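Treat the numbers as computed from the prediction; the structure is a model and nothing was measured.
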Amino acid sequence: VEAYKLDDEVGLITHAPDRGQYGEMQLSFLYQPDRHPFNVSTVVFECATIEIFDLIDPITLSPKLFFDPRIRSAMYAPWLSVPSLVQLLDANTLGPHLNWGLHYTGYEDVAVAFVPLRSRSVIIYKLTEAYRNVGVLANCSPGSPEGSGIDVGGAGLLRLNVTALRFAYDLYMMASSRYGRLKSKYISSPIADAFLEKAGYYLGLALAARRERNFSAMYTYAKLAWLYAAQAYGEVMRLINDTVNTNVAVLFIVMPSALLLAAFLYGLSGKRGALVASLVAVVLLAVYYSLHPAPQVVAVFWMSPLSVGLILLFSFVSGLFVGKAVDQARMYRRKVLGQHFMEQTMTDIILMLVDTSIEFMKKKKLRTVLTLIIVISVFFSLTALTSIVPLATITYTKPTVYATTYEGLMLRRLLITVVEQYSPRNIVSPENLDVLSIISNLSFAKRVWWYPESVYGKSVYTPVSYTHLTLPTSDL
């Protein structure tokens, strides 16, 4: 049960269903009436409306949902189905609004968002089973490339016309800004360079077409810019995630190495040993911070070594507790069954091996130096090789062009028996053929699926007339 309140004078929505923390998250809007009258409750909030358009698939240029044209019913498996999601976030916290609403079917290219009055919002558009970000509306600008949020103020309605151009511009600004910070730390990718270059080129053409009021060309170039901006954004985020993962992996090597080095130089016993271990760790982290770009990319670097240190400490303490628990179980078993085989305490053996190894490292200095050289070489290789990405280039294979031997329409008979095996996979939205034409420099013909009519339930045919000749489809 959903409720809306309309303004009596202008007809705009002033109150909409609340799907936030104090709305549908607390009180379900779904009811199963089993009597009459059946009392229900629902929650609404005072809102402003944001109309969003062009919620298409900018990468594959295919419809998000394509039913079997013979049936066109949700009861049967569609030929094509791509999951999609629209998220509303508060621009100040990058979390959900306390009160928010959304009307989005998933198969239509439009959505209506309801946000609190005088608020700033960020709208994220996701596709595929992994819900990959393909669109962001954050009101980005050169001065604020991450966006300041869509300000609705006290207005009742905000219509985002040509949303495809807004998607392309905001994604391009975000990807360019983040990639610029990566590049300043010597982290780059030829793939990101190529996608950003193409996105910037077509975005410039779209803005120029808008200034010239050539809206058809503007919309085509906007979709092209959005396609490349979405790909560039995905590649930049992959670089950022790889860099952060490299940072964590390196810290899992640096932190234990600091303890071993401190134990080798001075020892870990007493307050002075703990102080030496802390100083060695700080020196190694400082060297790592100044040499490797990963610590300078993450938002708060010092949280990483603290987190890794806590994980190592938790693992060490857990190992001690597990060792003591195993010792207690072993003592109980010995008490009940008696001593009937030789037992070894793994915790004590591991601690003894660590102490013995450190003592031998102090005695065999040449071997220790050679071992440390190997460790440093492995560490350097890990750092260097994780900074290399494979080069992938984008190429288009131009198909062989044949001259047609006919004029008019080509009719082809095709029988689809099993949808999962024979349904077409190259479905492209007809409104996106202009994008394919520019990318490939080819002309495309639209495919029309025509299903002959049944005659008395015995056979199907459709008369086709050409000048003075009429033929049934069975003769074609």
Ring pair (Phe, Tyr, Trp, His ring centres under 6.0 Å) partners of [X], counting only residues at least two apart:
X: Tyr202; result: Tyr228
X: Phe252; result: none
X: Phe45; result: none

Check your understanding: Can you pull the salt bridge (Lys or Arg N to Asp or Glu O under 4.0 Å) pairs that have at least one residue in residues 149-162, sequence neighbours excluded?
Key -> Glu51-Arg159, Arg120-Asp151
Check your understanding: Which pairs pass salt bridge (Lys or Arg N to Asp or Glu O under 4.0 Å) with one or both residues in residues 169-180, sequence neighbours excluded?
Key -> Glu146-Arg178
Check your understanding: Where do Ser84 and Tyr104 land on the side-chain hydrogen bond (donor to acceptor under 3.5 Å, both in side chains) test, with the steps shown first?
Key -> CA-CA 10 Å; Ser84 59; Tyr104 176 57; 2.9 Å; yes
**Study point:** Charged N-O contact under 4.0 Å between Asp193 and Lys183
**Key:** yes
Check your understanding: Does the pair Lys223/Glu431 count as a salt bridge with the N-to-O cut at 4.0 Å?
Key -> no
According to side-chain hydrogen bond (donor to acceptor under 3.5 Å, both in side chains), who are the partners of [X], at least two apart in sequence or on a separate chain?
X: Thr49; answer: none
X: Thr243; answer: none
X: Tyr201; answer: none
X: His97; answer: Ser121

**Study point:** Pairing residues for Glu197 by the salt bridge (Lys or Arg N to Asp or Glu O under 4.0 Å) criterion, not counting sequence neighbours
**Key:** none
Exercise for review: Would you please name every residue forming a side-chain contact (heavy atoms from CB on, under 4.5 Å) with Asn139, sequence neighbours left out?
Suggested key: Ser148
Review point. Among all residues two or more places apart in sequence or in another chain, which pass the side-chain contact (heavy atoms from CB on, under 4.5 Å) test with Ser176?
Key: Tyr172, Leu196
